[in-house]
K.L.:
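Below you will find the structure I want to go over with you.
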Protein chains: 2
Amino acid sequence: MPAKRSAASQSLRAAQMYYLQDLTMDAIARELRTSRSTVSRLLSAARESGLVQIQIRSPQDSAPELERALRSRFRVDVHVVPVLDTLNEAEVLERVCIQAARLISPLVDSSAVIGVAWGSTVSTLSRHLTRKITHGSTIVQLNGAGNTQTTGITYASEIMRRFGNAYEAKVEQFPVPAFFDHAETKTLMWDERSVRRILDLQARMTMAIFGVGSIDADIPSHVYSGGYLDETDLDSLSAGNVVGDVATVFFRANGSSDGIAMNLRSSGPDLDVLRTVRRRVCVVSGASKISGLRGALAAGLATDLILDETTARILVDPDTAGAAEFSTAEHRDYSS
Amino acid sequence: MPAKRSAASQSLRAAQMYYLQDLTMDAIARELRTSRSTVSRLLSAARESGLVQIQIRSPQDSAPELERALRSRFRVDVHVVPVLDTLNEAEVLERVCIQAARLISPLVDSSAVIGVAWGSTVSTLSRHLTRKITHGSTIVQLNGAGNTQTTGITYASEIMRRFGNAYEAKVEQFPVPAFFDHAETKTLMWDERSVRRILDLQARMTMAIFGVGSIDADIPSHVYSGGYLDETDLDSLSAGNVVGDVATVFFRANGSSDGIAMNLRSSGPDLDVLRTVRRRVCVVSGASKISGLRGALAAGLATDLILDETTARILVDPDTAGAAEFSTAEHRDYSS
DNA sequence: AACAGGTATGCACAAACGTGCAGAACGGAG
DNA sequence: CTCCGTTCTGCACGTTTGTGCATACCTGTT
């Protein structure tokens with residue numbers, strides 16, 4: 001009686017029988033009069049397309065010590081990604097991002113305006129996004145990606161495209177350099193209507209997704225090595241006690257960012273604007289980002305933090321590692 | 001570094017790695033320094049304990065024709081359970097209930113007051129409930145289960161116990177007969193403080209879960225054959241044009257229930273009380289319940305309907321089967 | 001009608017998984 | 001310390017699932 005149906009509809013049936021009725025693929029294949037392999041593929045498609053949603057809800061009491069400590073200390077919703085501390089940086093990044101993608105998915109809803117930064121973390125994240133059907137959502141680029149060697153368009157736009165794809169959202173690029181050479185050029189550009197459109201969109205963000213850069217990382221991140229900043233710039237940053245950045249906007253260890261000259265030339269969002277966004281998801285992988293992360297937390301930039309276990313451990317208890325530079329007491333809370 | 005941890009915490013870790021990071025059980029076993037079989041069991045435990053939540057979200061456009069038709073026709077949230085129409089009654093019931101249990105789970109939240117009926121459907125359902133951690137929830141029995149042969153306590157309480165177990169909720173039984181012999185006994189009992197406590201709880205229900213009885217079913221349900229009603233009772237029901245019941249409260253094809261004498265002796269909730277409940281989940285399996293179900297829908301008793309595909313087909317298009325008795329036009333909508 | 005390019009299907013094999021069973025580890029009670 | 005009952009663990013086996021490949025099937029084009 002159930003004759004041929006659309007692929008999506010078949011996927012739905014299969015998914016219901018598999019995940020909701022606990023039938024084996026074999027049994028489902030017989031009911032749908034097809035081969036088991038087809039059912040396997042239908043189920044893949046169902047997961048792939050976001051039809052099947054798998055969530056892990058950790059009740060407070062079984063949430064590990066670590067998450068609770070971070071949650072109460074920094075007032076953010078923390079997700080610690082379990083990893084062995086013997087894995088190499090790339091593997092950890094990969095796994096943090098796979099998990100982050102799944103954790104973000106349920107936070108996205110229709111008519112969302114999602115600000116997205118770029119950088120190796122967000123790029124990796126973008127490659128693992130799980131699809132979710134939403135309507136009328138928009139992805140807006142948080143900061144320009146151009147530098148002296150390239151317009152950065154292809155790199156950043158690839159990231160944006162993946163986000164747009166996963167959530168069926170409109171993509172709004174931000175085709176400006178990451179840093180202007182002259183602050184006044186930025187000021188003028190910021191009055192251009194084409195740019196205003198993006199800035200207005202940013203002001204209406206319901207969600208922002210970003211990593212952090214840390215200036216003293218063993219392997220300094222993209223921004224600090226990739227042709228975005230010259231010697232003079234770097235010097236001015238250290239002179240200003242900058243510890244890191246979010247979307248190419250810099251801050252100090254205590255979270256303050258006033259008077260940092262580079263920010264006047266940066267295309268990234270004013271941190272005060274960023275702080276008005278309801279959900280601000282920060283993804284961090286790797287212990288070398290610790291000081292940048294500390295600054296970002298002190299600045300109250302994140303409402304949700306996803307990070308690997310190793311880094312989380314250092315964050316709560318710097319004594320166990322050599323990365324201790326600031327005590328928590330010094331941190332002033334800049335969150336709204 | 002991650003030394004020995006509690007079982008729950010290990011389950012959580014494993015679940016995150018398996019469902020969120022897509023590692024194989026083998027890989028997880030190596031990270032947790034245990035055997036693959038243990039990981040398999042940890043994951044079972046995680047699913048079993050409601051830590052892992054699998055949901056299927058069917059976007060409107062891929063929702064099958066059938067669901068959309070029912071949804072708009074009866075103004076309820078419909079979930080059609082796919083089944084082959086060649087399966088026997090028991091198999092269909094089983095599968096509808098397995099799926100219903102999973103569908104109900106996400107609807108339950110903390111501090112809920114859940115009214116539960118009894119009967120073969122709800123009993124089967126109770127055997128397949130998936131655990132979910134909630135706090136301060138209460139399960140309250142909707143109607144008494146005593147009859148001339150038994151107090152029904154063990155049967156009904158077993159159902160209740162399972163619900164309480166799944167949601168870590170307090171269970172409130174209702175130790176009265178399903179039907180009183182005399183309406184005035186009920187009236188008096190309803191003034192007893194022990195009974196009032198239950199009635200008050202029922203008035204505060206946030207959710208109700210029930211099946212339907214249909215008087216003309218080929219295999220009549222429990223209530224119509226199990227020693228609850230005598231010949232006179234049955235005669236009075238047909239004389240009053242009763243088509244079915246929910247929690248031993250009767251109604252007619254058009255949804256009305258005024259002037260049905262049996263209801264004065266029934267321990268079930270006044271339908272007006274039932275209709276005030278936010279979520280009223282009705283589970284139906286088997287085409288023989290069609291007329292009872294039609295009545296219940298006309299009476300606006302359900303906000304959510306879970307039923308098997310075969311029955312759903314007949315419900316939208318009675319012409320394809322021989323069960324057509326009333327056109328939809330005749331139904332008056334008694335929902336609030 | 002023939003064809004090309006793409007997609008969907010089933011087979012067969014390999015990988016991943018669940019579970020009964022036997023032994024190890026644990027935790028009181030004597 | 002020893003005993004016994006319970007729980008936990010890993011192995012081995014059978015089952016279930018993912019996927020490369022060859023084939024069948026579309027769909028639009030010449």
Side-chain angles (χ1 to χ4, degrees), chain A residues 2-54 56 62 64 82 84 91 94-95 98-99 101-102 127-128 130-131 165, chain B residues 2-54 56 62 64 82 84 91 94-95 98-99 101-102 127-128 130-131 165:
Chain A
K4 280 189 187 170
R5 294 153 157 273
S6 78
S9 163
Q10 283 285 71
S11 283
L12 180 63
R13 275 178 84 86
Q16 288 184 106
M17 297 200 247
Y18 190 77
Y19 289 106
L20 263 26
Q21 295 180 22
D22 281 342
L23 300 184
T24 72
M25 294 187 182
D26 216 8
I28 297 170
R30 282 196 297 276
E31 298 217 357
L32 298 186
R33 293 162 199 286
T34 180
S35 74
R36 197 187 48 71
S37 11
T38 299
V39 174
S40 171
R41 283 187 268 253
L42 283 174
L43 291 174
S44 292
R47 285 189 298 266
E48 178 62 27
S49 68
L51 217 127
V52 176
Q53 213 100 8
I54 298 183
I56 303 222
S62 92
L84 275 190
E91 287 172 320
E94 197 76 9
R95 285 175 52 176
I98 295 181
Q99 184 157 340
R102 310 259 166 122
R127 260 182 287 111
H128 294 291
T130 58
R131 289 173 61 79
N165 222 46
Chain B
K4 280 187 186 169
R5 294 153 157 274
S6 79
S9 163
Q10 284 284 69
S11 282
L12 180 63
R13 275 177 83 86
Q16 288 184 106
M17 297 200 250
Y18 190 78
Y19 289 107
L20 262 26
Q21 294 181 21
D22 281 342
L23 300 185
T24 71
M25 295 186 181
D26 216 6
I28 297 170
R30 281 195 298 274
E31 300 219 356
L32 299 186
R33 293 161 200 285
T34 180
S35 73
R36 196 184 50 69
S37 12
T38 299
V39 174
S40 170
R41 284 186 269 254
L42 283 174
L43 290 173
S44 293
R47 286 190 298 265
E48 178 61 27
S49 68
L51 215 119
V52 176
Q53 211 101 6
I54 299 183
I56 304 221
S62 93
L84 274 189
E91 288 173 319
E94 196 75 7
R95 287 174 53 175
I98 295 180
Q99 183 156 341
R102 312 256 166 125
R127 262 182 286 112
H128 295 290
T130 57
R131 288 174 60 78
N165 221 46

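It should be emphasised that the depicted structure is a prediction, and the values quoted were computed from it without experimental measurement.
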K.L.:
Which parts of nucleotides 8-22 of chain C does protein reach within less than 4.0 Å, heavy atoms only, written one letter per nucleotide 5' to 3' as B for base, S for sugar-phosphate only and - for none?
P.N.:
-BBBB---SBBBB--
K.L.:
Using whole Å, what does the distance between atom P of nucleotide D:dT9 and atom CD1 of B:Ile28 come to?
P.N.:
16 Å
K.L.:
Under a 3.5 Å distance rule, please check whether B:Arg102 uses its side chain to pair with a backbone N or O of A:Tyr19 as donor and acceptor.
P.N.:
yes
K.L.:
Is there a side-chain contact between B:Leu32 and B:Met17, using heavy atoms and a 4.5 Å cut-off?
P.N.:
yes
K.L.:
To the nearest 0.5 Å, how far apart are CZ in A:Arg30 and OG1 in A:Thr24?
P.N.:
6.5 Å
K.L.:
Do side-chain atoms of A:Ser40 reach the backbone of A:Arg36 as a donor and acceptor pair under 3.5 angstrom?
P.N.:
no
K.L.:
Tell me if a side-chain donor or acceptor on B:Gln99 pairs with a main-chain N or O of B:Pro82 at a distance below 3.5 Å.
P.N.:
no
